[in-house]
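Ligands are counted one by one from 1 in listed order, and the atoms in each one are counted from 1 as well.
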Amino acid sequence: MIPATGSQFPNIKNVPRYVFGSGSRHSLGAMVDARRAASGKPAAVFLIDEFFSADGDLPKALGVKDGDAVRYVDVAEEPTTEAVDALLEDLRAAGITEPAAIVGVGGGTTLDTAKAVANLFTNPGRAENYQGWDLVKNPGVYKIGVPTISGTGAESSRTCVMTNHRTGLKLGMNSDYTIYDQLILDPDLSSTVSRNQYFYTGMDAYIHCVESLAGRYRNPIGDAFSGTVLNLCREVFFGDDMMSQSGREHLMVASYLGGCALATSFVGLVHPLSAGLSVVLGLHHGVANCITLNALPEFYPEAHAEFRKFIDKQGVSIPERVCADLPEEKLVEMFEAATLHEKPLTNALGPEFRQTLTRERVVGIYRRM
Ligand code: NAD
Ligand code: ZN
């Protein structure tokens with residue numbers, strides 16, 4: 001076993017507190033107020049997925065008070081270092097120097113944005129300075145995560161994925177300080193997600209754990225989390241309706257545990273190839289993962305077959321022919337973007353992964369997507 005974080009015995013941190021259950025979102029206001037009292041700072045920042053901007057009553061229901069800052073996060077593009085820097089600047093310009101708490105309400109995009117902004121309030125410089133491992137030196141602002149869609153595990157992981165358009169790097173601030181201080185896991189919140197999106201994001205948890213369990217860097221705790229996540233995903237996606245109350249509850253648990261699994265293990269082949277699609281075509285993470293797994297029966301035969309059964313059972317659709325008509329040079333660009341991800345590829349195929357993943361073979365895989 002090679003430990004995920006590089007030291008012999010990585011000292012794993014998890015989210016210290018969470019509330020779980022239908023209606024638990026109503027505890028948010030009191031939690032934020034407790035932070036206002038404890039910190040002596042009156043203002044809180046609420047970063048909310050823009051889907052909810054149509055609900056004018058929501059801020060009050062979440063406990064927003066006069067003097068707080070509410071920003072709706074544009075989710076058309078997944079987080080970038082530039083967008084995170086701009087948001088921080090905007091909040092500072094609005095007079096928020098260090099808030100009592102930062103609340104992220106949304107999917108992986110919004111949860112990761114809130115994590116990054118919370119770290120940058122207390123650490124000098126720009127988001128890109130902290131892309132990497134353990135570069136954040138000061139604890140961030142206290143942060144509360146409220147996921148509204150399940151699957152990425154962003155609520156419980158120690159990173160916040162950001163694309164840096166200047167350097168072409170898609171990498172997070174991997175740090176114990178990136179972990180949420182408090183989560184509110186209320187499955188009611190995911191009832192409004194579209195079925196396809198619910199499936200794409202949900203599959204992120206499934207795929208993370210398939211990749212971890214098929215990898216070379218295994219460890220018993222990561223395996224236990226991953227095995228449980230796969231069983232929960234089977235319950236949800238073989239169930240009559242993946243979006244029933246119990247389906248949404250189970251997927252929320254799977255997502256949370258999947259994020260814990262990520263702290264102790266690596267992904268494999270799907271994520272790097274999916275990143276190639278995201279970098280070159282701008283496809284979002286969840287759908288790009290599904291397109292990728294759909295094209296990888298030769299590497300993950302059992303998971304691929306199960307995934308196809310999930311699709312049939314739930315009547316969702318995966319985009320097809322997204323690469324079929326692309327010129328060769330775009331596919332080569334994707335190959336290059338994908339093979340930058342050495343850690344997961346080594347986890348999947350060993351240090352000689354380039355012998356298996358030749359340019360010709362990877363271009364052929366992309367052509368099938
Ligand atoms: P997302 O946050 O981009 O949201 C996807 C879509 O769902 C958006 O259109 C959003 O508006 C909508 N949505 C969210 N909640 C909704 C609701 N309740 N009702 C209706 N619509 C809703 O998607 P995601 O798949 O959750 O997150 C993807 C991001 O997460 C990527 O940037 C990826 O890199 C990141 N990620 C992070 C980690 C981590 O450990 N930090 C792990 C995996 C992925
Ligand atoms: Zn993922």
Side-chain angles (χ1 to χ4, degrees), residues 4 15 25 47-55 58 72-81 83-84 104-116 119 131 143 145-164 169-175 178-180 186-212 229 243 248 251-252 254-263 265-275 277-279 282-290 292-293 341 344:
V15 171
R25 63 190 178 283
L47 303 180
I48 305 174
D49 185 310
E50 67 181 357
F51 169 80
F52 297 98
S53 63
D55 179 356
L58 185 74
Y72 290 99
V73 176
D74 177 0
V75 294
E77 192 179 6
E78 292 182 336
T80 63
T81 51
V84 166
V105 183
T109 297
T110 306
L111 294 174
D112 279 1
T113 300
K115 289 168 152 188
N119 281 341
Q131 283 185 291
K143 52 195 173 304
V146 188
T148 64
I149 181 171
S150 302
T152 64
E155 63 276 29
S156 46
S157 77
R158 74 190 296 274
T159 190
C160 50
V161 184
M162 298 171 296
T163 298
N164 183 333
L169 203 61
K170 190 176 179 195
L171 185 60
M173 299 178 181
N174 289 269
S175 162
T178 305
I179 293 174
Y180 273 103
D186 185 337
D188 294 356
L189 290 169
S190 61
S191 63
T192 46
V193 181
S194 73
R195 285 185 72 78
N196 276 341
Q197 184 63 55
Y198 181 90
F199 185 82
Y200 302 152
T201 296
M203 275 299 115
D204 201 13
Y206 178 81
I207 291 171
H208 285 155
C209 295
V210 163
E211 290 176 286
S212 296
V229 171
M243 292 190 69
R248 284 182 286 103
L251 195 58
M252 193 159 254
S255 179
Y256 170 78
L257 294 177
C260 298
L262 278 180
S265 57
F266 284 113
V267 292
L269 198 51
V270 179
H271 272 75
L273 293 183
S274 164
L277 288 176
S278 295
V279 169
L283 287 169
H284 283 212
H285 186 68
V287 71
N289 281 346
C290 289
T292 304
L293 179 56
H341 296 262

Which segment of [X] sits under 4.0 Å of ligand 1 when only heavy atoms are counted:
| X | result |
| --- | --- |
| F52 | side chain |
| A154 | both |
| L189 | backbone |
| T152 | both |
| T148 | both |
| D112 | side chain |

Taking atom 40 (O) of ligand 1 as the reference point, the nearest protein heavy atom with its distance: S157 OG, 2.5 Å
Minimum non-hydrogen distance to atom 44 (C) of ligand 1, winning option of T178, V267, D204: D204
Look at atom 10 (C) of ligand 1 and find which of N289, N196, D49 reaches it with the closest heavy atom. D49
Could you tell me whether a side-chain N or O of Q131 sits under 3.5 Å from a main-chain N or O of K170, the two making a donor and an acceptor? no
Can you check whether T159 has an N/O within less than 3.5 Å of an N/O in ligand 1? yes
Would you say T201 and ligand 1 have an N/O pair spaced under 3.5 Å apart? yes
